[in-house]
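What follows is a short report on a single structure.
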Amino acid sequence: MEYNFREIEKKWQQKWVEEKTYKVAEDKSKPKFYVLNMFPYPSGAGLHVGHPLGYIASDIYARYKRLQGFNVLNPMGYDAYGLPAEQYAIQTGQHPEKTTFQNIDRYREQLDKIGFSFDWDREVRTCAPGYYKWTQWAFQKMFGSFFSKSPLPTSPKGEESHPAGKARPIEELIAYFEQKGTEGLDEFGVAQTEELHFTAEEWKAMNEKQQSDVLMNYRIAFMGETMVNWCAGLGTVLANDEVVDGVSVRGGFPVEQKKMRQWCLRVSAYAQRLLDGLETIEWSDSIKETQKNWIGRSEGAEIEFKIASPSAGRLSPSEGNDQEGLESFTIFTTRADTMFGVTFMVLAPESELVEKVTTPEQKAAVEEYIKYVKGRTERERMIDHKVTGVFSGSYAINPFTGEKNPIWISEYVLAGYGTGAIMAVPAHDSRDYAFAKHFNLPIIPLIEGADISEESYDAKEGIVCNSPRADVKPYIDFSLNGLTVKEAIAATKKYVKEAGIGRVKVNYRLRDAIFSRQRYWGEPFPVYYKNGIPTMIPEECLPIELPEVDKFLPTETGEPPLGNATVWAWDEVNKKIVENTKIDNKTVFPIELYTMPGFAGSSAYYLRYMDPHNNEALVSKDADEYWQNVDLYVGGSEHATGHLIYSRFWNKFLFDLGVSCKEEPFQKLINQGMIQGRSNFVYRIKDTNTFVSYDKKDGYDVTPIHVDVNIVSADVLDVEAFKAWRPEYATAEFILNDEGKYICGWAVEKMSKSMFNVVNPDMIVEKFGADTLRLYEMFLGPVEQSKPWDTNGIDGCHRFLKKLWKFMTNEDGTINATDGAASKEELKALHTLIKKVTADIEVFSYNTSIAAFMVCLNELTKLKSTSREVKEALTILLAPFCPHLAEELWHLLGHTTTVCDAPWPAFNEDYMKEDSVKMMVAFNGKARFPLEFPADVSKEEAEKTALADPQSAKWMEGFTVAKVIVVPGKMINVVLKK
RNA sequence: GCGCUUGUGGCGGAAUUGGUAGACGCGCCAGACUUAGGAUCUGGUAUCUCCGAUGUGCAGGUUCGAGUCCUGUCAGGCGCACCA
């Protein structure tokens, strides 16, 4: 009987559903294993063959772990909020929920055909109120928290402290303000937007609104006025990673900088913990490196520079340090060692210092420059790094040399990093160098032997000189000359700190995340505005459900789409949502119109899978303690600086709250590669409707045209199908090659509808079966590598399964197995496979596992093996890869239980032992011939036999033996010399 | 510019601690069975001047022996990018 994959797969997929084969529950008698895929956004296009790649890889691992006796959690769900559904709603008026649910159904249908071991009882959808209740809840908790390095005096005694700081209830900070204002707050390392100063009395004198504003400076979820990426085309704010080259990733609309009121998350407070955590998790170096870059920690110093009065020349020490009335400003540098090489200062154009330092004479020039900078879009600034700037008219005093350095204003200094002001050392910074050359400012080299005639010497290597310079009378009693750069940095930091002119400082590039969007299809904020003060809706009233609107566009007055909702006001007394008409700003107030961004719902979904139906908590203590965190997370590397940062942050916050027992959510991460499309082309001869085969096209003037890959097989075009494909090709004529075939050209491109290269998994499943698809996707190459989809090789995998079926069964479809003992050869072939597959699955080397299956099957077929023992083991080994076929074989072998719970075969070394062993005999490292020895031959014996062999004599002619190296089981190397 | 990563047949890709480079599959060639083959089976398939030599992007080095280790260099992919 033929291998009837359609029947087999249908039968077992039904059985799995009926018997809930993949349902899991906490089971303390078994070790747990948590496998997770990044959940998909259900787009209208459905799944293509690239999507299941990661799912198959993780499913194999999940099934393998289950066979090894683990209690495996392998859930799936949908990241259901998103822009495409909303865009579609705007165009068609269809509610995004409707299209989203349709897409989900389609995804589910496609997923079910591939035979995954997902526990669908645990499915989550980010747009379900029961789910986003906990997204809202977490936001409220962040609103009610601040972050500090160490506990405040007002924190509960004996509180466990985190070395890099943690979130604490905002009430502790309020209590501190009541006692001391902001005095001494510094030493606890409280994360804040800007440094505020007020006394306890001033705090108490503030009204409610003022206090609310102050607290926003510290809350982890806070409201701030920030420069945002405003995309008018989408009517919303975008995150930095949603903008590329000044246009939106989705839609390609221009994006501009705009100051807006926004909800933000203080992700930056967790920068150090996000960095430290990377050391504890098993992620690829490249992803870790990307995150390190993104967090961008740099150690340096903040140093204070006084602003000189215009008349002052080089100042004496007493003048420099004591002049009254002189203002100062602070710069940030990682090169404290270059203090003696500063020749000018630069402020960011946006810096509030600009106004203070601009002299009346320079006012016009500065204003003009600021105007110019404002006119430049982010995009222009990104693409060309023009050297521009203007002199402010003022000077700053170098606290080391006492020299006056002109203060310039230039767009190459960023307001958002460090202090928005720098000291310029043109000799050792390429940007300062370019600026100095352009404006003809002095350049002082500080490193021995550094050639700075053409470019700056940026490396932090070498011996320091000119610090101070020999021709200048020292201003302070301090020299760096003769030290290495590293020593000089340390020495300068020490001096700066002791002299009280600055401090050691660590800066991070990581910015706070903007957490609000002006869209409809997202989680609403559980916030209302009580006389302008953002106020949380009581926790027991969550979730605040997304209201109905009649239009998904912003309102005519430019408010977000929720402005169209008519039932969207909070009744504080009755604790419920009521009609907008009832707003009186006494007991009924307007609710926030913004919604949350895409990453809100995807930041803690892994916790929800542990306990998806719990209405009392995000996750119960029991479930969290049992499942802990994700052992294996599989998904694309494109989320390196988005989801994978946000969810780590989110989890760390929940850890601080005691909700999650693990600080890192994803212990091991595998990034599956992208499956690219393999497009096919036909070649139309210019101005005709004649198409010429790829191998005949030279000599014609042709235009390549994308052709649907589904009517091409092994690069041969189905000519009839092509004529039927498009009306304009109905009359097409062809110049075929010598074999009478039309050969198409091909190229590797992104898999997309517009290139007609989308290959749908359903079609592959229909033609070859899910087991073949699973096998083939894994056989294509390493999971982590990107590769083009090429259907051409799939026959090989399908053939293997057909051969396997033939090997396992008789003509009538019954199992071909006998109970007698297996032969030595059979057991050897089997145990070679067990060893290989077990080792390979552990390291996700599925392609080599599959190769081993093919070799083993060949071997067993040659041996005409009928041993039941061997066939049972083979079936179990196959189960992670081809679950349907394995179930069928397991059933035919007479089992009534599922193969999923069979024990993974144990490897037995004894079967691998050989009677004899072949070793290569080599001369001077060149292998020449094999010699056979008893398996337990000693080194000495092997050496003696090899040298005595007649063939050796031939190679040793004219040489003497210098030494003999015996690698047991492999090689005997005879080292010769003349 | 900085960081990460990858270079092996016609193609996708194998190769524990350095130990017969090219497993396995595709493709191709030959043969068998067939009315037929996009079915099945068997054998072959790195290159060359083919008893022999050369071969893992290139140039060196360490070693009895290097795809693997070291130094330099070139090319592709990805990420960050005026971050002081």
Side-chain angles (χ1 to χ4, degrees), chain A residues 2 284-294 296-298 300 331-336 338 346 348 381-382 384-387 410-414 416-425 428-432 434-435 455 458 507-511 637-638 640-641 671 673-674 713-716 775-776 779-782 784-797 799-800 802-803 806 836 839 843 845 847-856 858 918-930 962-977:
Chain A
E2 284 283 294
S284 72
D285 286 346
S286 70
I287 289 268
K288 282 189 183 179
E289 206 55 42
T290 304
Q291 291 214 341
K292 278 183 197 163
N293 264 333
W294 192 257
R297 179 191 156 101
S298 62
I331 58 93
F332 175 74
T333 182
T334 54
R335 292 294 301 273
T338 59
V346 190
R381 272 173 88 163
M382 241 146 62
D384 72 316
H385 298 166
K386 269 195 228 163
V387 181
S410 173
E411 59 178 330
Y412 86 88
V413 173
L414 307 175
Y417 186 77
T419 60
I422 63 154
M423 61 181 211
V425 185
H428 303 294
D429 183 285
S430 50
R431 296 153 302 178
D432 297 346
F435 196 83
E455 55 181 4
D458 291 13
N507 262 329
Y508 299 91
R509 205 182 66 92
L510 185 71
R511 302 294 161 80
S637 58
E638 67 272 20
T641 55
N671 296 114
M674 259 211 284
S713 177
D715 290 334
V716 177
L775 215 51
Y776 184 57
F779 190 63
L780 219 44
E784 301 195 64
Q785 197 172 301
S786 286
K787 57 231 152 188
W789 176 262
D790 182 356
T791 312
N792 290 343
I794 199 165
D795 288 327
C797 287
R799 212 168 284 155
F800 163 70
K802 282 202 281 194
K803 280 188 210 168
K806 215 169 148 187
K836 180 81 179 144
V843 295
S845 182
N847 54 339
T848 52
S849 288
I850 295 165
F853 267 108
M854 292 173 175
V855 173
C856 178
N858 238 320
K918 261 186 200 164
M919 281 196 253
M920 287 307 294
V921 185
F923 298 89
N924 284 344
K926 292 285 172 197
R928 303 294 174 173
F929 60 90
K963 63 175 163 175
V964 180
I965 301 155
V966 179
V967 183
K970 298 248 176 183
M971 167 95 57
I972 299 164
N973 197 347
V974 183
V975 183
L976 302 172
K977 64 178 179 199

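Chain letters run A, B, ... following the sequence lines, proteins first and then strands; every chain starts at 1. Basis for what follows: all heavy atoms, side chains included, without hydrogens, waters or symmetry-related copies.
For the C1' atoms, the distance linking B/U16 with B/G12 amounts to 24 Å, nearest Å. For the C1' atoms, the distance linking B/U8 with B/G79 amounts to 27 Å, nearest Å. When the C1' atom is used for both B/C26 and B/A14, the distance is 15 Å, rounded to whole Å. If you take atom P in B/G7 and the same atom in B/U56, they sit 14 Å apart, rounded to whole Å. With both ends at atom P, the span from B/U6 to B/G13 equals 13 Å, rounded to whole Å. Look at the P atom in both B/U47 and B/G22: the space between them is 14 Å, to the nearest Å. Atom C1' of B/G25 sits at a distance of 25 Å from the matching atom of B/G76, rounded to the whole Å. Using P as the reference atom, B/A36 and B/G31 are 15 Å apart when rounded to the nearest Å.
Across every non-hydrogen atom of A/M919 and A/V967, the tightest pair is SD-O, 3.9 Å. Listed here is the closest heavy atom pair of A/M674 and A/S786: N-OG, 2.9 Å.
Distances were taken from every side-chain heavy atom of A/T290 (C-beta onward) to each of B/G79, B/A84, B/A39; the shortest belongs to B/G79. The side chain of A/V413 lies closest to B/A84 when the candidates are B/U40, B/C80, B/A84. Side-chain proximity of A/R509 to the nucleotides B/A81, B/A39, B/C64 is greatest for B/A81. Among the nucleotides B/C24, B/C80, B/C82, the one closest to the side chain of A/Y412 is B/C82. Distances were taken from every side-chain heavy atom of A/K803 (C-beta onward) to each of B/C82, B/C80, B/C41; the shortest belongs to B/C41.
Partners of A/N858 by side chain to side chain donor-acceptor pair (under 3.5 Å), not counting sequence neighbours: none found. Under the side chain to side chain contact (heavy atoms under 4.5 Å, CB included) criterion, A/P968 pairs with A/K939, sequence neighbours left out. For A/F853, the ring-ring contact (aromatic ring centres under 6.0 Å, His included) partners at least two apart in sequence or on another chain are A/F881. For the side chain to side chain donor-acceptor pair (under 3.5 Å) test, residues two or more places apart in sequence or in another chain that qualify with A/R297 are A/Q272, A/E299, A/Y508. With sequence neighbours left out, A/F332 forms a ring-ring contact (aromatic ring centres under 6.0 Å, His included) with no residue at all. Partners of A/K806 under the side chain to side chain contact (heavy atoms under 4.5 Å, CB included) rule, at least two apart in sequence or in another chain, do not exist in this structure. Applying the salt bridge (Lys or Arg N to Asp or Glu O under 4.0 Å) rule to A/D795 yields no partners; only residues at least two apart in sequence or on another chain are considered. Not counting sequence neighbours, the partners of A/N847 by the side chain to side chain contact (heavy atoms under 4.5 Å, CB included) test are A/P782, A/S845. Residues satisfying the side chain to side chain contact (heavy atoms under 4.5 Å, CB included) criterion with A/A852, sequence neighbours excluded, are A/L833, A/K836.
Residues A/A852 and A/V974 each lie close to RNA chain B; by heavy-atom proximity, the contact nearer the 5' end of the strand is made by A/A852. Of the residues near RNA chain B, A/E289 and A/S298, the one whose nearest nucleotide (by heavy atom distance) lies more toward the 5' end is A/E289.
For the atom pair OG1 of A/T641 and CH2 of A/W294, the computed distance is 4.5 Å after rounding to the nearest 0.5 Å.
Residue A/K288 is out of contact with every strand shown, counting any heavy-atom pair closer than 4.0 Å.
Annotated stems with RNA chain B as a participant read B:1-7 with B:74-80, B:10-12 with B:24-26, B:27-32 with B:40-45, B:46-48 with B:52-54, B:57-61 with B:69-73, given as range with range, by first number; only runs of 3 or more Watson-Crick or G-U pairs under 3.5 Å qualify.
Following rounding to the nearest Å, A/K802 (NZ) and B/G38 (P) show an atom-to-atom distance of 14 Å. At whole-Å resolution of the value, NZ in A/K806 and P in B/C41 are 6 Å apart. A/D790 places its CG atom 13 Å from the C1' atom of B/G10, with the value rounded to the nearest Å. Distance, A/N671 CG to B/C4 P: 17 Å, rounded to whole Å. Taking atom CG on A/D285 and atom C1' on B/C2, their separation rounds to 17 Å, with Å as the unit. As rounded to whole Å, 16 Å separates atom P of B/C82 from atom CZ of A/F332. With rounding to whole Å, A/R335 atom CZ is found 11 Å from B/A84 atom P. Protein atom CD of A/Q291 is 23 Å distant from nucleotide atom P of B/C2, rounded to whole Å.
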Short N/O separations, protein against nucleotides 26-34 of chain B, under 3.5 angstrom:
from, atom 1, to, atom 2, distance (Å)
B/C26, OP1, A/R799, NH1, 2.5

Report all interatomic pairs (protein N or O, nucleotide N or O of nucleotides 12-23 of chain B) with separations under 3.5 Å.
from, atom 1, to, atom 2, distance (Å)
B/G12, O2', A/L780, O, 2.7
B/G13, OP1, A/Q785, NE2, 2.4
B/G13, O3', A/N847, ND2, 3.4
B/G19, N2, A/N973, ND2, 2.7

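A syn base is found at B/G9: its glycosidic angle is within 90° of 0. With its glycosidic angle more than 90° from 0, B/C70 adopts the anti conformation.
Classified by interplanar angle (parallel below 30°, tilted 30° to 60°, perpendicular above 60°), the ring pair A/Y776/A/W789 is perpendicular.
None of A/T333, A/L414, A/D429, A/D432 except one satisfies the side chain to side chain contact (heavy atoms under 4.5 Å, CB included) rule with A/I422; the exception is A/D432.
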